[in-house]
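Shown next, in structure tokens, is the structure this report addresses.
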Amino acid sequence: MADKAYQPEEQSAAMQFLDIVFLLAAIFGTLLLPIYLHLAGAATETTKIDNPTWDLLKQTPGQVAAWTALGKDPASAHDIIQTRFNYVIDWPTLIAVAVILFLYFFLLFRFSDSEYRDVIAEKFGGGKK
Amino acid sequence: MTAATTTANGAPQKISLLRVLGPAHVWALGVGIVLVGEFTGWNFAAGKGGTLGAMIALWVCGLLYTAVAMIDSEVTSTVAAAGGQYAQAKHIVGPLMAFNVALYLVFAYTMLEASDAILVGDTMVQFASDMGVTGLTHHSFIVFTVVFLVWLNYRGILATLNFNFVITALAFLSIVILFLSVQPWSQGAVLKLGEMVTKENALPYGWLGVIAAMQFGIWYYLGIEGTTQAAEEVRSPARSLPLGTMTGMITLLIAATMTWYVCASLLPWQYLGQTVYPLYDAAKATGSWQLQYLLFVGTVLAGVASANGCINDAARAWFSMGRDRYLPAWFAAVHPTYRTPYRALIFLLPVALAFALIADINQAITFSILSGVLHYTFMSINVIMFRNKWPLGTIRRGYVHPFHPIPAYILLLLCIVTFFAIFLGYGTQLIAMVAFYAIVSVWFHFYRYQYVRRGAQFTMPWPKPVGY
Amino acid sequence: MISFPWPAASSPGWFFLDWAMWILSAVFILWMLWDWYSIDSTFSEDVLTSSREGEIEAVSEKHDLRS
């Protein structure tokens, strides 16, 4: 059994370094770059009100008291109050995301299973059930 | 301890990490990581679905985590190996899955660490500004938080975790004191829930907003599954693990409810939905400088405790992958004096710093939550495969969770709902994160796996799985 | 705004803290880089990467029995 076992080659220092560069590129390229370029993040919209007052911002007296305690006036509270999420569901995008997620998990389990069969065959001996 | 693995002249022949943690440290690691969720992050659920939406999300996510805790207790009490869920995936699903699970852990914790650092930095700046000192920026505080904690972890984790135990307890105490000082039993004295939450604004986006709020409802509990990672150190895992995890869940549910009640009664929902430090702001809105000072200290301590635990866990997972050759073996180095995975620690330092300095806190939190939800999706399928490959009775289990497979299906359903919740408002980040995991998975399966030994990955003394 | 009865409310103190954070961060980073370099040049790669899965458990169990 032992002589049948798969013996991986040792990775050279240069190739290890290349792998580390790849990992860094993947982390920063796919995760940080979209944020840095403002492509990713919360999808919100701000509805502008000119010369805002607490009344125009529809705040009750109790809420006004809280805003004041937090050091806000109608002008500085305006953006906080008027910014809303935009929950328009774009069906083609939603379906695309669902398909991508499903494919990701499907292939993840498929590839894992093929690798797992190797592991079990080598560990317990292949062929016999 | 050291003598056992080191020769007399001090030159180690074989070096391994030291695991010298007691149950109190495990508590400090688990709760210390999670508790910061009360001080920041959960409140973005109010922004996505209103104050009432945040509360519904709080309880639905509590259900999700109860399922996580039940499933995780069974698998962890059986696969009681260091590396936690990573080792489970390796034995139950396969190498590529294990690679992904370890990355989920690394990024859930590293992004949480980044948001902790942002929280500490922003709280310092806000506190200074409340005392009339303007013109400070959060950068130096963010950098110092990350660098100092990485340095502590570099020097060894035992002292670090003793320190964590104390600051986690203090942070928790600050929530309890705030709750008791605002006279929660008499609405209208300090708390004005009826004023803040009205019929018109309770669900500003309707029921769609409640689903959307699920994204940040996760944040109340994210990381609690980490308590079971230290399975080896617990004296009787069969009893202590489910008990410990369940009581941890109940504690967090109580803390989350207290936090929600105080914040919802003191802050308008629009403000609550975007602030970085809701508990500090709630204390400020009471008008008491003592409470404001207390919650400033509590917020900073919770951020530090959480970042500290995250650095430890993320580096461990990264190190484990290096040791199995899933990543370059270079990362598998252990420091001969401090017995810490020092190269993994140093490698992850700039990653955490970059996200802490460039991303907004809600974006960093979203990356962490996404990795968490991907992880829970894996867990639900994993436990079904576990029961199929080794049916009850074939191996000794420390704990058998009841009602199988109902918790697994509930968990899977809630994960799908949460993916939809993240899609609402944060769809681009969802795509970016899945793209990242897909790219590195292809890299692993078609290229990296050639350097990995095959049969040696299976280290548990179990019989051959059914069906192979 | 609440006025704080704390001496820490002085502006120079906060800006001093800001600078101290930068300097200390640099010191810790340099210390880690120096230690990393000295360890990597003192010990061989085989010794540094000699840890194997499962051995940690053996160590921690000993600890549990002893305590």
Side-chain angles (χ1 to χ4, degrees), chain A residues 5-9 11 13 16 19-20 22-23 26-28 30-32 34-36 39-44 59-63 66-67 69-72 77 80-81 83-87 89 93-94 97 100-101 104-105 107-109 111-120 122-124, chain B residues 48 93-97 100 192 195-196 205 208 212 266-268 270-271 274 281 284-285 287 325 328-330 351 354-355 358-360 362-363 367 419 423-441 443 445 449-455 457-458 464-465 468:
Chain A
Y6 172 79
Q7 280 302 330
E9 57 173 311
Q11 199 182 15
Q16 291 199 31
D19 277 3
I20 293 170
F22 167 80
L23 288 166
I27 293 169
F28 288 117
T30 52
L31 298 180
L32 196 63
I35 282 185
Y36 188 69
L39 295 172
T44 53
Q59 298 299 299
T60 65
Q63 289 165 351
W67 286 109
L70 294 164
K72 300 280 179 194
I80 299 173
I81 294 173
T83 300
R84 293 291 174 92
F85 273 93
N86 179 10
Y87 291 149
I89 298 175
T93 319
L94 178 61
V97 169
I100 290 169
L101 258 179
Y104 164 71
F105 273 109
L107 291 177
L108 188 52
F109 279 92
F111 287 163
S112 293
D113 189 64
S114 73
E115 292 165 358
Y116 189 71
R117 279 174 195 281
D118 274 359
V119 172
I120 296 301
E122 196 181 297
K123 169 91 182 176
F124 296 96
Chain B
K48 285 193 87 180
V93 183
L96 178 64
M97 189 76 238
N100 276 265
K192 298 188 170 60
E195 286 265 9
M196 297 301 155
Y205 300 102
L208 191 63
L266 287 168
L267 305 171
Q270 296 99 332
Y271 187 86
Q274 53 83 51
D281 279 329
K284 197 158 120 188
R325 302 287 186 274
W330 185 79
V351 175
F355 282 90
I358 290 172
D360 291 340
N362 59 350
Q363 295 169 332
F367 277 137
F419 280 125
F423 174 78
L424 293 171
Y426 289 86
T428 41
Q429 267 191 274
L430 173 61
I431 296 170
M433 189 118 231
V434 176
F436 168 73
Y437 286 121
I439 290 169
V440 292
S441 293
W443 172 78
H445 182 74
Y449 194 57
Q450 61 178 303
Y451 298 111
V452 180
R453 285 187 196 87
R454 302 294 148 88
Q457 293 175 77
F458 198 101
K464 197 171 178 175
Y468 285 85

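Order of the sequence lines sets the chain letters (A, B, ...), proteins ahead of strands, with each chain counted from 1. Note that the coordinates shown come from a computational prediction; the quantities given were computed from them, not determined experimentally.
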Under 4.5 Å from any heavy atom of chain A, what part of B:Asp281 do you find: side chain, backbone, both or neither? both
For this output row, return yes or no: ring centroids of A:Phe124 and B:Phe458 closer than 6.0 angstrom. yes
Just jot down the ring pair (Phe, Tyr, Trp, His ring centres under 6.0 Å) partners of A:Phe22, sequence neighbours excluded, or say none. B:Trp443
At a heavy-atom distance under 4.5 Å, which candidate from A:Leu107, A:Thr93, A:Thr44, A:Asn86 has the highest pair count against chain B? A:Thr93
Pick one of side chain, backbone, both or neither for A:Ser114, based on which atoms fall under 4.5 Å of a heavy atom in chain B. side chain
Of the listed residues (B:Ala329, B:Ala285, B:Ala435, B:Gly425), which shares the most heavy-atom pairs with chain A below a 4.5 Å separation? B:Gly425
Residue A:Arg117 excluded, over 12 heavy atoms near CZ under 6.0 Å: yes
For B:Leu266, is it the side chain, the backbone, both, or neither that has a heavy atom closer than 4.5 Å to a heavy atom of chain A? backbone
Any B:Val452 side-chain heavy atom under 4.5 Å of A:Pro8 side chain: no
Answer yes or no: is there a side-chain heavy-atom contact under 4.5 Å between A:Ile27 and B:Phe355? yes
Sub-4.5 Å side-chain heavy-atom contact between B:Lys192 and A:Gln63: no
Heavy-atom proximity to chain B below 4.5 Å, by part of A:Ile81: both
With no hydrogens and no angle check, do the side chains of A:Asp118 and A:Tyr6 hold a donor and an acceptor under 3.5 Å apart? no
Would you say the ring centers of A:Tyr36 and A:Phe28 fall short of 6.0 Å from each other? no
Which atoms of B:Tyr205 approach chain A - backbone, side chain, both or neither, heavy atom under 4.5 Å: side chain
Region of A:Tyr104 that comes under 4.5 Å of a non-hydrogen atom in chain B: side chain
Need one label for B:Phe367: side chain, backbone, both or neither, based on atoms under 4.5 Å from any heavy atom in chain A. side chain
Sort B:Tyr437 into side chain, backbone, both or neither according to what part of it lies under 4.5 angstrom from a heavy atom of chain A. both
Tell me, out of A:Ile80, A:Ile20, A:Leu23, who's got the most heavy-atom pairs with chain B below 4.5 Å. A:Ile80
Given that the side chain runs from C-beta out, which part of B:Gln450 has a heavy atom under 4.5 Å from chain A: side chain, backbone, both or neither? both
